[in-house]
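Before any comments, here is the structure.
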Amino acid sequence: MQDAVTAIAIADAAPAGRGAERWRLAARNIFPFAVVGTIWEIVAWAGVFPHRLFPPLEEVALSFVNLTISGVLPHHTIETVLRLLGGFALAAVFGTAIGVMMGRSRRAEDILLPLVSIGAPIPGLAYAPLFLLWFGLGNFSSVLLVGFVAAFPVIFNSWTGVKAVKEIWVRSALSMGADDKRLFRYVILPGALPYILTGLRLGLAQAWRILVAVEMLAAVPWGLGWLIFGARKFLNTDAMMAGIAVIAIIGLLLEKYVFQKIENYTVVRWGMVAK
Amino acid sequence: MQPIAIRDVSLNYDTPGGKVQGVTNVSIDIDASEFVCIVGPSGCGKSTLLNIIAGFLAPATGQISIGGKPVTGHGMDRGVVFQDFAQLFPWRTALGNVSFGLEMKGVANPERDRIAREQLRLVKLEKFTDSFPHHLSGGMQQRVAIARALAYNPSVLLMDEPFAALDAMTRDDMQRLLADVWKETRKTVIYVTHNVAEAVYLADRVVVMSAHPGTVKTVMKIDLPRPRDPLSVEFLDCQKELMGHLGHNTNGAAH
Ligand SMILES: Nc1ncnc2c1ncn2[C@@H]1O[C@H](COP(=O)(O)OP(=O)(O)OP(=O)(O)O)[C@@H](O)[C@H]1O
Ligand SMILES: [Mg+2]
């Protein structure tokens, strides 16, 4: 409601210019999708590939709607999102804690950095069989694996961020009487925040990648990864596409309504990161 | 406020290329409420000395005491203003920055806010209390830094070329402001500068350091009445004398 009122007020104030500007922006964002969509339609209708394997977009949309109304797609989505958030929360909490500890303490850095450096470049999926053997099939091991794999970028970036906190901030704070605890809370954490946020973003992307694959391996009954891989068996390309679309939409929503909001409220507002 | 005694202070830096002399055998006695400027060629150890006094570096030999107490580390009896604009916390507003020392001291809020606002008024930034540092000009940021160093009321103020990066006109304003603040608060001030006119304008005494080894060459007393007029004959004479100590050609133009 509030938004509508503001929008009207703005439209009243600047009737032509502002509105046209907005349309142009929207058109520019939509344009690449329109091009790809058109090409897709042409290929689909030309019959280059069998119809079942390459359905036109309206069939994908129809199947998206049907799956949504029947409740199948929402069920898959909710299960996946819960696993994603669970794993990501683990990565965010432990990853940040470990990274910050490495940045703050020489001893922690000496012990942990070699381990993290060796563990990070290994593809997340390579850990999957190990986790499934140790923790069994199902939710527990998939969430744990997602958390483990997503933690690496979080660790690296918070470690770098703490190291990059300007010495002059630390000295200023010390000369004003900050003790270790308050130095950490009021200077090190906000000073490292641009890096920590970057780490969380990369961690979330990592979490998506591994989760979609592991949902298949962990034999969980619901989940977008399961939907996508399972649809392959029955040549349900339209369902597959619907699952992929949901992942894209959730990713976009998280980026726009979580990360960008947090950034705008913190590091952008503080001028530490350009908008 | 607090007198400062600096006795035979030396410090060398260990670098991959070998030992680099920071400062060598520096001794200065500073009275309570005195304004002392330190001048000297680049690399002679002015910042090093200031960091030792601030407690960020421990001297290899010698000792510093403030108000009779030996300095062993950083402490709230000393406020520090660095040369770098980036010293303010970007995540705090001007008011938040100035409040920091009071917060650490445990001053509760209505009082804390009042003091911080008062300090910002003193540096003529009362209109910018809620601005974040990146929305302030360099000169305004340095003024916030000064207000921040004054707010928790340290008895000693240490300043390392705080106005060096400002344009000449802003710098003149800031110098006048600093002279006023000092007159009002009577803190003991140690002020590092490259600028001869600035030293003559501000200081009770100017410590001239020499390069290699970085040590005290002479100390010059400035007896001009305050407020000082930078265009008066006496002022220019003082400036000439100081440049002589620094080894400039006194017949040439200023700067
Ligand atoms: N962190 C450091 N590590 C190694 N050597 C240093 C360090 N800081 C300063 N030095 C050396 O110590 C000497 C004194 O440096 P200092 O920064 O105190 O000079 P300064 O008088 O403040 O110079 P300027 O006027 O250019 O700021 C210089 O020769 C410099 O090379
Ligand atoms: Mg210096």
Side-chain angles (χ1 to χ4, degrees), chain A residues 92 96 99-100 103-106 157-158 160-201 258-275, chain B residues 47 50-51 53-57 71 73-94 96-107 112 116 130-136 141 144-154 156-160 162:
Chain A
T96 311
V100 167
R104 291 283 287 155
S105 136
R106 193 57 206 262
N157 279 278
S158 18
T160 314
V162 170
K163 291 251 158 187
V165 168
K166 291 200 176 109
E167 183 61 26
I168 198 165
W169 293 335
V170 174
R171 286 189 170 183
S172 301
L174 288 176
S175 72
M176 286 188 279
D179 52 30
D180 269 0
K181 212 172 101 201
R182 287 184 294 184
L183 181 71
F184 176 72
R185 175 150 167 227
Y186 294 125
V187 180
I188 307 281
L189 272 192
L193 196 61
Y195 287 85
I196 293 177
L197 286 179
T198 302
L200 292 178
R201 215 185 225 131
V258 179
F259 280 105
Q260 279 186 17
K261 282 265 153 39
I262 293 176
E263 259 186 5
N264 285 342
Y265 187 69
T266 56
V267 291
V268 170
R269 190 162 65 113
W270 303 335
M272 296 172 80
V273 165
K275 200 173 169 97
Chain B
S47 298
L50 209 73
N51 276 316
I53 301 170
F56 296 131
L57 296 172
V71 168
H74 49 81
M76 292 193 78
D77 53 344
R78 283 148 288 162
V80 188
V81 180
F82 300 92
Q83 175 175 356
D84 196 345
F85 291 169
Q87 66 194 293
L88 295 182
F89 304 131
W91 51 89
R92 285 182 167 237
T93 60
N97 267 282
V98 177
S99 305
F100 191 89
L102 296 163
E103 240 174 282
M104 298 302 113
K105 228 178 171 178
V107 179
R112 180 168 81 209
D130 295 327
S131 302
F132 284 96
H134 74 119
H135 285 141
L136 301 175
Q141 290 181 35
V144 175
I146 292 171
R148 184 172 79 168
L150 290 169
Y152 59 98
N153 200 22
V156 174
L157 205 52
L158 306 172
M159 306 175 92
D160 191 355

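As a basis for the values below, the full set of heavy atoms in this structure was taken, side chains included, without hydrogen atoms, waters or symmetry mates. In what follows, chains carry the letters A, B, and so on, assigned in the order in which the sequence lines appear, proteins first and then strands, with residues in each chain numbered from 1.
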Original post:
Met176(A) and Met76(B): which non-hydrogen atoms are nearest, and at how many Å?
Top reply: O-CE, 3.2 Å
Original post:
Using non-hydrogen atoms only, which part of Arg182(A) is less than 4.5 Å away from chain B: side chain, backbone, both, or neither?
Top reply: side chain
Subject >> Contacting region of Asn51(B) [heavy-atom separation from chain A under 4.5 Å] >> reply: side chain
Original post:
Does Trp270(A) use its side chain to pair, donor to acceptor, with the backbone of Phe89(B) at less than 3.5 Å?
Top reply: no
Subject >> Residues from residues 190-197 of chain A approaching chain B under 4.5 Å (heavy atoms) >> reply: Pro190(A), Gly191(A)
Original post:
Are Val187(A) and Phe100(B) side-chain neighbours, meaning at least one heavy-atom pair lies under 4.5 Å?
Top reply: yes
Subject >> Options His134(B), Arg148(B), Glu103(B), ranked by heavy-atom pairs under 4.5 Å with chain A, top entry >> reply: His134(B)
Original post:
Which atom pair, heavy atoms only, marks the closest approach of Tyr152(B) to Ser175(A)?
Top reply: OH-O, 3.2 Å
Original post:
Which heavy atom of Ile168(A) sits nearest a heavy atom of Phe82(B), and at what distance?
Top reply: CD1-CB, 3.5 Å
**OP:** Determine the minimum heavy-atom distance between Gln87(B) and Ser172(A), stating which atoms define it.
**Re:** O-OG, 3.7 Å
Original post:
Which answer fits Leu88(B), side chain, backbone, both or neither, if we ask what part of it has an atom under 4.5 Å from a heavy atom of chain A?
Top reply: backbone
Original post:
Which heavy atom in Lys166(A) sits nearest to a heavy atom in Ala86(B), and how many Å separate them?
Top reply: NZ-CB, 4.0 Å
